[in-house]
> 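The structure is given below, and queries will be raised subsequently.
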Number of protein chains: 2
Amino acid sequence: MSKKQLIMDKSLELFANQGFEATSVQQITDYCGISKGAFYLSFKSKDELIVALIDHFMQQLTVDIDLSVRTTKSDDILYYFYHTTFQAFLKHANFVKLLMKEQTHSLNDELLTKMRYYDRKTDQTILTMIEKVYGEAINKVKYDLIFAIKGLINGYSSYLLFNRMEFDVDLISRSLVEKTDTLARSITIPFITEDYGNMFQQFHDEKVSEDDLYHLIEETIDELGESIEKESLILLKEQIRTPTYHHAIVIGLIENIKNHSQYKWLTYLLTKHFDF
Amino acid sequence: MSKKQLIMDKSLELFANQGFEATSVQQITDYCGISKGAFYLSFKSKDELIVALIDHFMQQLTVDIDLSVRTTKSDDILYYFYHTTFQAFLKHANFVKLLMKEQTHSLNDELLTKMRYYDRKTDQTILTMIEKVYGEAINKVKYDLIFAIKGLINGYSSYLLFNRMEFDVDLISRSLVEKTDTLARSITIPFITEDYGNMFQQFHDEKVSEDDLYHLIEETIDELGESIEKESLILLKEQIRTPTYHHAIVIGLIENIKNHSQYKWLTYLLTKHFDF
DNA sequence: TATACTAATGACTAATCAGTCATTTTGTCA
DNA sequence: TGACAAAATGACTGATTAGTCATTAGTATA
């Protein structure tokens, strides 16, 4: 494990229990068994560590959930959405704990913007989902439904957190599917109306620039030792600038890195770029 | 306005915008136009101020809402519950903002216990309400419904906060009544089951001790100048130890202080003590 | 083994903050 | 007016913290 990873892992534990402000860099380095100087070789500041943590885990969470909504073809989209969501909460329990503790903590503008970005991202995912499930019938209440869904997730999450995060993912998913379905079919008085949708425009058209993706692949290649993954990425990098291979080959190459959880974000971007 | 009130008012503004930790005592005193020493004449520490703020406003919120649920006789209990809730949010916007910002902030155990107390209190209020509205039919899902309701309130509140707290209280109330009613009538898969109810036992039997009430009245009397309110309280104080007056007289005396919002908590306790 | 380079250390600095207390100001009596 | 007390002040203390940097330890190469 790299030193950066070690610091992120250990500091998350401390942050989850004490909060950002109450945890000193000294405490983190003691807990990691490294010196204070070593910390500043990995991160320019304490704030940079916090941003890195937020980015890392929010990406994990949002990408997981968005992927499950995008790829599920069956009628059970709602179920898989909730299942993936709470499974992810279970997996990153400490991070969820931290998020609940700090909410919109006013550390700096960068963090606030980031959190707002991920929140909007979540809105977009939920919107895609309910449009897929209910089609046009839901149009007049869909933005209202988004907030109901987010509220329900939040409400039950606080209960879970209090009960030490041991729970039946299947049961809570089925319970929330029922509630969501009931609401979707019976709301006649939406509080949040259609014009809220304008806020989403930017996300509809959002596409990571080719350059960004290119550089992200380059960075990832540098991190990797010789392996199938590295070779696949080198080939994919070329395909971005000059697409020559057959579609099936590109899919296969992406498949080679898909199963490595640390490259989920990259997989997600590649999938989006090559248009699946 | 007393110095204590001034500090509480002004510090709430600062806390709501910057959070507890990020606001220094110096900043508070500067903003109040007083010296640092004067601050410590009113509050023993910064933490004591925070506890006082939480206590003051949580009492306002919970008492308001509980009273509306207890006294409303009509079929519109749900509507009045939401209406009172969001009206109170509107009135104490800065405090709600602060609550959202800090959530379960780990300042100290006392605060955590307090917050848990008020949260349980809210649960109790909601439970009373849905039992009143739906009776026995709701028994198997009532604890589940509590969390759904709290979740919905939270979800929409975060939207309101983001939109600078300008909203139609009637519309959001009607919208949430519809959702609550729909859920209450159709949930078949509760996630939170009946055994959660054991946690409430303590609150069912809860009654403020006679001594506590007696001392609270004494303190309030000391704060008051000569007035009808003061006289009423002096008489009520005697009635606690040796009840002699007719029921109607006691009710009248309580009525005399009922309309003063700063004594809402006291009114609430008196009402409970004399069993209405 | 000598050299050159990187990784790691922890004592140190400068800044911030909660809380104190000797001193001053203000208000209230005779 | 003067004597006294209560209220208010703000410079100061001690503790804590993020971040720095001169120094040392470790490692690879020639």
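Here is the naming used below: chain letters follow the sequence lines, and residue numbers restart at 1 for every chain. Heavy atoms only: backbone and side chains are in, while hydrogens, waters and symmetry mates are out.
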> Using a 4.0 Å heavy-atom cut-off, write out nucleotides 6-18 of chain C from 5' to 3' as B (base contacted by protein), S (sugar-phosphate only) or - (no contact).
--BBB------SB

> Is the number of heavy atoms from other residues, nucleotides or ligands under 6.0 Å of B:Y245 OH greater than 12?
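Count not over threshold, so no.
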
> For A:F43 and D:dT20, what is the distance between atoms CZ and P respectively, to the nearest whole Å?
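Answer to the nearest Å: 15 Å.
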
> Apply side chain to side chain contact (heavy atoms under 4.5 Å, CB included) to the pair A:Q5 and A:S2, showing each step before the final yes or no.
CA-CA 5 Å; A:Q5 265 302 317; A:S2 77; 3.6 Å; yes

> Within 45 degrees of the axis of the six-membered ring of B:F147 and under 6.0 Å from its centre: does B:K150 put its NZ or CZ there?
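Yes; both conditions hold, so B:K150 lies above the ring face of B:F147.
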
> More than 12 heavy atoms of other residues, nucleotides or ligands under 6.0 Å from CD1 of A:I249: yes or no?
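Buried by this count: over 12 neighbours within 6.0 Å.
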
> Is the gap between the ring centers of B:Y159 and B:Y156 under 6.0 Å?
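Between B:Y156 and B:Y159, which both carry aromatic rings, the centre distance is not below 6.0 Å.
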
